[in-house]
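These numbers come from the heavy atoms of this one structure, side chains and all, not from hydrogens, waters or symmetry mates. Here is how names work: the chains are called A, B, and so on, in the same order as the sequence lines, proteins then strands, and each is numbered from 1.
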Amino acid sequence: MSIYVYNTLDRCKEPLEPAVPGKIRMYVCGPTVYDSCHIGHARSVVVFDVIYRYLCARGYDVYYVRNFTDIDDKIINRANELGMTCEELAGKYIREFQTDMVSLNMQAPDLEPLATRHISQIIRIVKILEDKGYAYAVDGDVFFAVEKWLGYGKLSGRRLADMEAGARVDVDARKQSPFDFVMWKASKPGEPAWESPWGRGRPGWHIECSAMSAQYLGETFDIHGGGKDLIFPHHENEIAQSEAAFGKPFARYWIHNGFININQEKMSKSLGNFLMIKDLVRIWHPEALRLFLLSNHYRSPLDYTEQAMREAASGLDKLYGFLDRIVGCFDVWPPEPVSDPAASAQSGGEIWQRFCEAMDDDFNTARGIGILFETVRSLNREIDRQGADAVTRQPAQFTRIMDIMGIGRVLGIMAEAPQQYFARQKHAVLASQDIDEEWIQEKIHERAEARKAKDFARADQIRDELKGHNIILEDRPDGTIWKHGDGKTQV
RNA sequence: GGCGGCAUAGCCAAGUGGUAAGGCAGAGGCCUGCAAAGCCUUUAUUCCCCGGUUCGAAUCCGGGUGCCGCCUCCA
């Protein structure tokens, strides 16, 4: 049973067959660190995080590299604007990115290399290309000659001839072909610069990925990922550089995630509708954001709306609501698999198998989430009928619970203990308003008294008052508890 | 002009030849003093339109319509 992935290079789903059986080497383009990361970055990063986790869960030995682009025109411009050095600026946004990653419950890649730490490797590749005749130097700049490289355009499905008709770039007169791109740039005074055979300069846009992937994953590796927009020119150029330099195939599978729209509009500077991760995770539970991001196929466009987020948040509430019903039946949380080898969840139960079937089909998380909800509903039904203790003691049901936990680990959700989750949500409700737990408990007590006295009008009045504070009461057999209302954790 | 994608209920969204997952919202019910949560039932004779292939198509083929992305920095 193999995993099928959609390979941009061939425009179809193919069985994933790593070059070395059992091992997967994966490179994903990380951010250019000149500004805060937005929800689009979040999607890319979460999608590949889930792919990484899934491949690991399926037993692959995965080596995952995600770089930082810490030198580039945008960084230089921004640093100049702010009166900072490029290094300071990059450092600031790298730290911010790491904070975002933690808040999104991301698993760290095995390696997160920086472009500026690989200058000698970059120079080496440019030199190879120059020596092989694929590159030419002009005034300290070094260009890649796309017409020399016959494979150019194979990833994006373009032909040089077709593109020239639609080109609308100011063509640098020094270029042999308008699509030649710079691999090494002569530095202007005040810009970061490194010594090179062509004079003091810095790397161009695409070369760093060729250099770092080759260094850490080899000249040929298995998976290369990134956002759809990187297909052209970034990834096309990476292929050209790497394959021309090393004379062997570059990445074997190319995976690209789709874009996010905001209320059906493209995110753009002019519309001012960029949603930053750091702001989103203050409003929504990070796992709700993940659930939203994984709620449709990674290659499809995804529309961010307040309503979609509310739905994701209430879906997450439902999942944690289920966990809350069973948490008391276990000595430890998360529950541990039974040690009986026969019942071992090594290969998982039926639910896990079904989840894998969905994920094997090009990482169909939307289908996988459907299976998750279906199973939770079914278990809730059993709990309604038999009680949580009886259900959790049944091996078949226990296996399903373990499967659910396993699915949660792949999707990066349900990572908190349910008490912790609800406490966190409650805390957010309190923090967003000028009320405290004690006040609520007083109200709950007052309502209990009213109910005891059969003064239901008063009881309902109190409940409505709390509802006005986004607080919902639940009368349980063992007393009344309160929960947050809608999924927004901050007003 | 070139390349690519998408069109499934009120909304979101799976489903690539065998008779429409799942979520949200809605309706009815169980439970409850009433709620909430949970559960049950219900909500597309039908998958943008028109042809074709087939015993059989949302799924394949041809044509049409509509929407979108990329070709320029962008996840």
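Nucleotide B:C39 forms a pair with B:G29, judged by Watson-Crick or G-U wobble geometry with both contacts under 3.5 Å. Applying the Watson-Crick and G-U wobble criteria (two distances, each under 3.5 Å), B:C24 pairs with B:G10. Within the shown strands, B:C3 is the pairing partner of B:G69 under the Watson-Crick or G-U definition, both distances less than 3.5 Å. Remark: B:C55 base-pairs with B:G18; criterion is Watson-Crick or G-U wobble with both hydrogen-bond distances under 3.5 Å. Searching all strands for a Watson-Crick or G-U wobble partner of B:G62 with both distances below 3.5 Å returns B:C50.
For A:Ser44 and A:Gly315, each mapped to the nucleotide of RNA chain B holding its nearest heavy atom, the one lying further toward the 5' end belongs to A:Gly315. Place A:His38 and A:Phe456 on RNA chain B by their nearest nucleotides, and A:Phe456 ends up nearer the 5' end.
The side chain of A:Arg381 has B:C40 as its nearest neighbour among B:C71, B:C11, B:C40. When distances run from any side-chain atom of A:Lys318 to the nucleotides B:C73, B:C39, B:G33, the shortest one goes to B:C39. Closest contact between the side chain of A:Glu311 and the listed nucleotides B:A75, B:G23, B:C34 involves B:G23.
In this structure, A:Ala366 reaches the bases: a heavy-atom distance under 4.0 Å links it to at least one base atom across the strands shown.
Note that A:Arg299 lies in the cation-pi zone of A:Tyr6, set by a 6.0 Å cut-off to the ring centre and a 45° limit from the axis. In this structure, A:Arg158 forms a cation-pi arrangement with A:Phe232, its terminal cationic atom sitting closer than 6.0 Å to the ring centre and no more than 45° off the ring axis.
By the criterion of a centre-to-centre distance under 5.5 Å and near-parallel planes under 30°, the ring of A:Phe259 forms a stack with the base of B:A75.
Aromatic ring centroids of A:His285 and A:Tyr421 lie under 6.0 Å apart.
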